[in-house]
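Just so you know, these numbers use all the heavy atoms, side chains as well, and skip hydrogens, waters and symmetry mates. These numbers were taken from a predicted model, which means no experiment stands behind them. Residue numbering restarts at 1 for every chain, and letters A, B, ... go by the order of the sequence lines.
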Amino acid sequence: VHSFSILSDALCKEGKVEETRRFLSEMRGRGFEPDAYSYNSLLEWHTNKGDVNGASRVFEDFSREGIIPNVTSYTLLIKAFCHLGKPDEADKVFRDMLEKGVAPDVVVYTLLIRAYCRTGDMKQAFKLHDEMLLKGLVPNSFTYGVLIDGLCKLGQMEAAKMVFGDMQNKGVDHDEVIYNMLIDGYCKKGMMDGAFQLQQAMIKRGLVPDVFTYNTIITGLCRAEKKDEAKLMFDSMLDTGLLPNTVNFTTLIDMCCKGGDMEEAGKIFSNMLQYGAAPNDVTYNTLINGYCKKGQMEEAVKLKDEMTAKGFVPDVFTYTSLIHGFSTNGKIDEARELFDDMPARGLVPNNVTYTAMIFGLCMHNRVQEAFNLYDEMIIRGLVPD
RNA sequence: AAUAGCGAGUCAUAGCGA
């Protein structure tokens, strides 16, 4: 059964879902009863697609086939709910798991804690942390990490530092990721000195700043309008022998775009491949937004076509940039056309998209249409901010 | 009973704003 499970996992990870299903029934035909392990990769596939219903269906299969889901199975279903930003639903599944007598572990607790952190509900997050301690589970660097990151994202650096000290007292080592999260926290608050201090501290501890560390700092420097220092930081990253990745280049491109230097942005864009870094959807979106901001809509649209041709799917970011670009360049009809085209592309306009469109309509004195859209977004369950 | 197989944390892109 182990061997079959390993194969089933490999099949599914290649994206061959139907074949995985067939494989599982074939293994049953040969007299090997699949267990939770055999099915979990299938479950993970649904989860990563954000398909809660699909994941739930696998659970229905479990009860039909008499398979007992293990912690990992539950973790995957819980993750699907986390992905939807529904920590309470996730928690319900978790409680259900406990009732069924499946023992929780550090991983599932960490995942659940992260779900609450992402919604900014640190109170629940810490409650779960205490609960796992009561159960005799030992938080590891992942667990402390989600707590620290949650606090950093809320800008609560003092509290984050306390958890940082706490984990050390408990004998859990600080790793690069932990430092990176704190550095990002300081950068986002504009406290670059704090960020640099931590970078030095991590080096002193024998840790090596990685591409995450550098990119975090570079982004921080860009936001602090210190573009020259940002460039120097990029160079010193290269000096350490680190290979810049797609995110690093996208950051640089964005920096150029924000400064209106599309020529430089384009140069970096065409050179990045030489470093083995291929542009991705975010890279395209960044450039498209840059051209939109400059009013070079032909270029922007050209890039949208190019990204599509390369197999990337224009997303809500792409459309919002273009809608805003057309709106503010006197082409409100083009903007509206794009907006109306979104549903057909499987895209759901969000708050930002609606604001951009409404703003554009108002600028063009099409107030009635703007109000109609405002009503529409409320009907769709969006909450104007 | 032991052992092996699955799951969790950090960086980049969009609108408005006295």
Problem set entry | Donor-acceptor pair (no angle test) under 3.5 Å: A:N248 side chain, B:A12 base | no
Exercise. Which nucleotide, B:A14, B:G9, B:A12, lies nearest any side-chain atom of A:V247?
Worked result: B:A12
Problem set entry | Nucleotide nearest A:T355 (side chain, heavy atoms from C-beta), chosen from B:G9, B:C16, B:A12 | B:C16
Exercise. With a 4.0 Å cut-off on heavy atoms, is A:T251 in touch with a base, just the backbone sugar-phosphate, or nothing at all?
Worked result: sugar-phosphate
Exercise. Hey, does A:S141 reach any base, or is it just sugar-phosphate, or nothing, if we go heavy atoms under 4.0 Å?
Worked result: base
Exercise. Among A:K267, A:K294, A:K293, A:E299, which one satisfies side chain to side chain contact (heavy atoms under 4.5 Å, CB included) with A:M262?
Worked result: A:K294
Seminar exercise, completed: Of B:A12, B:U10, B:G5, the nucleotide closest to the side chain of A:T250 is B:A12
Exercise. According to a strict under-4.0 Å criterion, is A:K153 in side-chain N/O contact with OP1 or OP2 of B:G9?
Worked result: no
Exercise. Has the side chain of A:T320 got a donor or acceptor atom sitting under 3.5 Å from an opposite partner on the base of B:A14?
Worked result: yes
Exercise. Base, sugar-phosphate, or nothing for A:E176, non-hydrogen atoms under 4.0 angstrom?
Worked result: nothing
Exercise. Will you find, in the side chains of A:T246 and A:N280, an N or O donor that is under 3.5 Å from an N or O acceptor?
Worked result: no
Exercise. Base, sugar-phosphate, or nothing for A:V282, non-hydrogen atoms under 4.0 angstrom?
Worked result: base
Exercise. Are A:Y319 and A:F339 close enough that their ring centers fall under 6.0 Å?
Worked result: no
For this session: Look at the side chain of A:T216 and decide which nucleotide, out of B:G15, B:G7, B:C11, has an atom nearest to it.
Result: B:C11
Exercise. Can you check the A:I113 CD1 to B:U10 P distance for me, whole Å?
Worked result: 14 Å
Exercise. Considering only heavy atoms and no angle criterion, is a donor-acceptor pair shorter than 3.5 Å present between the side chain of A:D175 and the base of B:G9?
Worked result: yes
Exercise. Of the nucleotides B:A8, B:C11, B:G9, which one has an atom closest to the side chain of A:I178?
Worked result: B:G9
Exercise. Under 4.0 Å between a side-chain N/O of A:K188 and OP1 or OP2 of B:A12, yes or no?
Worked result: yes
Exercise. To the nearest Å, how far apart are A:L347 CG and B:G15 P?
Worked result: 17 Å
Exercise. Hey, does the side-chain of A:D105 have a donor or acceptor N/O within less than 3.5 Å of a partner on the base of B:G7?
Worked result: yes
Exercise. With respect to the side chain of A:A356, which nucleotide from B:G15, B:G7, B:G9 is positioned closest?
Worked result: B:G15
Exercise. When clusters are formed by joining ILVMFWY residues with side-chain heavy atoms under 4.5 Å apart, either directly or through shared neighbours, do A:L137 and A:L98 land in the same one?
Worked result: yes
For this session: Kindly point out which of B:G9, B:A14, B:G15 is positioned nearest to the side chain of A:K293?
Result: B:G15
Exercise. Which is true for A:N245 with a 4.0 Å heavy-atom rule: it touches a base, it touches only sugar-phosphate, or it touches nothing?
Worked result: nothing
Seminar exercise, completed: Separation of B:C16 atom C1' from A:N289 atom CG, nearest Å, is 14 Å
For this session: Whole angstrom is fine here: how far is it from CD1 in A:I78 over to P in B:C6?
Result: 19 Å
Exercise. Hey, would you say the A:F164 and A:Y144 ring centroids sit under 6.0 Å apart?
Worked result: no
Problem set entry | Sugar-phosphate only, base, or nothing, as touched by A:N48 at under 4.0 Å among non-hydrogen atoms | nothing
Problem set entry | Nucleotide nearest A:D149 (side chain, heavy atoms from C-beta), chosen from B:A14, B:U10, B:A12 | B:U10
For this session: Write down the distance between CG (A:D35) and P (B:G7), rounded to a whole number of angstrom.
Result: 15 Å
Problem set entry | Donor-acceptor pair under 3.5 Å, A:D315 side chain vs B:A14 base | no
Exercise. Can you find a donor-acceptor N/O pair under 3.5 angstrom joining the side chain of A:T72 to the base of B:C6?
Worked result: yes
For this session: For A:D210, report the nucleic acid contact type (base, sugar-phosphate, nothing); a contact means any heavy atom under 4.0 Å.
Result: nothing
Exercise. Any side-chain donor paired with an acceptor under 3.5 Å for A:T251 and A:D254?
Worked result: no
Exercise. Contact class for A:S5 vs. all strands (heavy atom < 4.0 Å): base, sugar-phosphate, or nothing?
Worked result: base
For this session: Quickly work out the A:M307 CE to B:U13 P distance and round it to whole Å.
Result: 15 Å
Exercise. For the pair made of CZ in A:F32 and P in B:G5, what is the distance, rounded to whole Å?
Worked result: 20 Å
Exercise. Considering only side-chain heavy atoms of A:N180, which listed nucleotide, B:A8, B:U13, B:U10, is closest?
Worked result: B:U10
Problem set entry | A:Y374 ring center near A:Y354 ring center (under 6.0 Å) | no
Problem set entry | Base of B:C6 and ring of A:Y37 stacked, centres under 5.5 Å, planes under 30° | no
Exercise. Hey, does the side chain of A:R114 come within less than 4.0 Å of B:A8's phosphate (OP1/OP2), counting only N and O?
Worked result: no
Problem set entry | Short side-chain N/O contact from A:R223 to OP1 or OP2 of B:A12, under 4.0 Å | yes
Exercise. Where the side chain of A:V108 is defined as all heavy atoms beyond and including C-beta, which of B:C11, B:G7, B:U10 is the nearest nucleotide?
Worked result: B:G7
Problem set entry | Donor-acceptor pair present, A:N285 side chain and B:A12 base, under 3.5 Å | no
Exercise. Is any side-chain heavy atom of A:L43 less than 4.5 Å from a side-chain heavy atom of A:N40?
Worked result: yes
